[in-house]
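One structure is given below, encoded as C-alpha cells.
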Amino acid sequence: MAGASGAAPDVTAAPLTTADGRPLARALARSQARARRRAFLLVLPLLAFVIITFVIPIGQMLHRSMYNDGFAAHMPQVSAWFHENPPGTQPDETAFAALAADLKTAADDRTIGIVGTRINYDVPGTRSLFTSTGRKAKSGFQPPYQAALVEADPKWGDPQLWRAMRNASTAYTSNFYLAALDRTRDDQGKVVMAPERQQVYVMLFKRTLLLSLLITFTTFLLGFPIAHLLATLPARKSNLLMILVLLPFWTSLLVRTTAWMVLLQQQGVINDILVWLGIIDSNGRLQMIYNQMGTIIAMTHILLPFMILPLYSVMRTINPSYVRAARSLGATSWTAFRRVYFPLTLPGLGAGALLVFILAVGYYITPALVGGSTGQLISNMIAMHMTETLNWSMAAALAAILLGAVLVLYWIYDRLVGIDNLKLG
C-alpha cells in the first residue's frame, strides 16, 4: 500500500536514435540530403547540356534581337548629334561635318562595310553608298560638308537615309521588332505602318499559324483511323503495320520531300495517272507543287507518324469492353464512339496535336523545296535573313516573336485542355 500511495515515477519518452546513438530525425535528414545531392549529380550532365545548347542560345537570340551596334559603335560623332537633337530635326552643317569625320575614320579603320551593312537592313542598296563615299573620305572632304557629301552622292540628302541612321544610332533598339510586325518610325519617331509593299512578315506569321493548324487537323483525320486499326488488330498484324508507320523515320527528310516533288509536279506521276484515267485533260494538268497545296501535302505526310504514335499508344490501353457495355445498354455504334471511345483518346490526341503543330510551325526544308512563293512559312524568312541578308538581328526578332506566339498558344492550350491530361501511353 505504501508503494501504491507513493508518487508515480517520472517517465519521459527518450528520443529515437540510430544504432550508433545519433538522433533518428537528424540521421534521416542527412540521408535525404545525400539522396538529393546524388540525384542532382546524376542529372547535372543533362542540365548542363540543356543550358549550353538551349537556354544560352535562346538568351543570345533574344539579346541579338534588341542589340546591334554596327552603326553606333563606328559612327560616334553623328550618333552623338542624333542624341543631342530630337527626331524631326533636319540635318545641318554640323551633322554633315560629323558624318564626314565618321566616314573617314570608319574607312581608315576598315569598318565602313559594317556601317553600310547595318543601314542597308533598313534602306536596301546603301551599303555601296557608304563604301564608295568612304573611299572618297580618305582624302578628306572640305567644308561646306553638306555640299561636298551631296556632290559625292545625292543620296546623302535623302531624308529616309537620315531617318535610318537615326534609328541605328543606338545599339539597343526595338526597331527590329517593329519591322517584324510591319511597323516603322516616321520622322517624328512615332510608330506607323510600313509601306504596303514592305508588309510581309505579319502575313507570313498568319500563314504559318493557319497552315500549321490545317496540317494538324489533316494529320488527325488521316491518323485517327490508322491508329484505331493498329490498336484493334491482333499483335502480329499490328506490329507488321507499325513498321510501315515507322518507315518514314528511316528515310531522309530530303529524300521524302524530293519524292513528293516528283509525284506532284505537272509532268509528275499523279498528273500522268489522272490524264491516263481521263479525269483531266493533258492541257489541264493540276498545279500541286510550288504553292500551299504542295506544302500541305508534303508536310502532312512527313508529320503523320507524330500523330499516329501518341494516338496508338493511348488507344491500345482502352478496354474494348467499355464500348461493348455501351452497345449492350442500347447505344448505337456512333453514340458509343462519341460518348465512350473518343473521350478516352483525347489525351493521345492532345499530345499528337501539340507535337505536330509545334513541328509544323518551325518547319523549313519542306516549304523551301515545295512551297514556292505562296507556300513559304516564317521559318523560311528567318533562314533567309540568317544566310543571305546576314541580318541576324532581324532573324532573331522574327524567331523571338514566333517563340512568344507558340508559348501563348501553349498557355491557352493548357488553360482549355490541361497539359496534365496529355498522355503517351
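Since the model is a prediction, treat every value here as computed from it, not as a measurement. Quick note: residue numbers are just sequence positions, from 1.
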* What's the verdict on side-chain contact (heavy atoms from CB on, under 4.5 Å) for Phe71 and Ser79, showing C-alpha distance, side-chain angles and the deciding distance? -> CA-CA 8 Å; Phe71 183 89; Ser79 295; 3.6 Å; yes

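- Side chains of Tyr363 and Ser379: no donor on one and acceptor on the other come within 3.5 Å.
- Counting non-hydrogen atoms of other residues, nucleotides and ligands closer than 6.0 Å to CH2 of Trp250 gives a total above 12.
- Side-chain atoms of Tyr67 and Asp69 include a donor-acceptor pair closer than 3.5 Å.
- Residue Arg338 places its CZ atom among more than 12 non-hydrogen atoms of other residues, nucleotides or ligands, all under 6.0 Å distant.
- In plain terms, the two heavy atoms of Thr89 and Arg166 that are nearest each other are O-NH2, 4.3 Å.
- No side-chain donor-acceptor contact under 3.5 Å links Asn167 and Arg185.
- Contact check on Asp122 versus Arg118 returns a salt bridge, with a Lys/Arg side-chain nitrogen under 4.0 Å from an Asp/Glu carboxylate oxygen.
- Between the side chains of Thr131 and Ser128, no donor-acceptor pair is found at a separation under 3.5 Å.
- Closest non-hydrogen pair, Met242 versus Leu309, comes out as SD-CD2, 3.8 Å.
- Taking the ring centroids of His301 and Trp260, they lie under the 6.0 Å cut-off.
- In this structure, CD1 in Ile296 is found 13.5 Å from CE in Met288, a value given to the nearest 0.5 Å.
- Using a 3.5 Å distance cut-off with no hydrogens or angles, the side chains of Ser321 and Asn319 do pair a donor with an acceptor.
- Looking at Thr117 and Arg127, their side chains do bring a donor and an acceptor atom within 3.5 Å of each other.
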* Begin from the C-alpha positions of Val323 and Phe337 and carry the test side-chain contact (heavy atoms from CB on, under 4.5 Å) through to its verdict. => CA-CA 7 Å; Val323 176; Phe337 170 81; over 6 Å; no

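- Within a 6.0 Å radius of CZ in Phe249, more than 12 heavy atoms belonging to other residues, nucleotides or ligands are found.
- A distance below 6.0 Å separates the ring centres of Trp162 and Phe96.
- Taken from CG in Leu286 to CD1 in Ile270, the straight-line distance is 9.5 Å, to the nearest 0.5 Å.
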* To do: List the steps, then state whether ring-ring contact (aromatic ring centres under 6.0 Å, His included) holds for His228 with Tyr341.
  => CA-CA 10 Å; His228 177 69; Tyr341 188 81; 5.2 Å; yes

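- Side-chain contact check for His63 and Tyr172: at least one donor-acceptor pair (N or O, by modelled atom type) lies under 3.5 Å.
- Side-chain atoms of Lys136 come within 3.5 Å of backbone N or O of Ala152 as a donor-acceptor pair.
- Note that the CH2 atom of Trp334 and the CZ atom of Phe342 stand 8.5 Å from one another [nearest 0.5 Å].
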* To do: Start with the C-alpha gap between Phe141 and Tyr145, add the side-chain angles, then the distance that decides, and say whether ring-ring contact (aromatic ring centres under 6.0 Å, His included) holds.
  => CA-CA 7 Å; Phe141 287 108; Tyr145 295 103; 7.8 Å; no

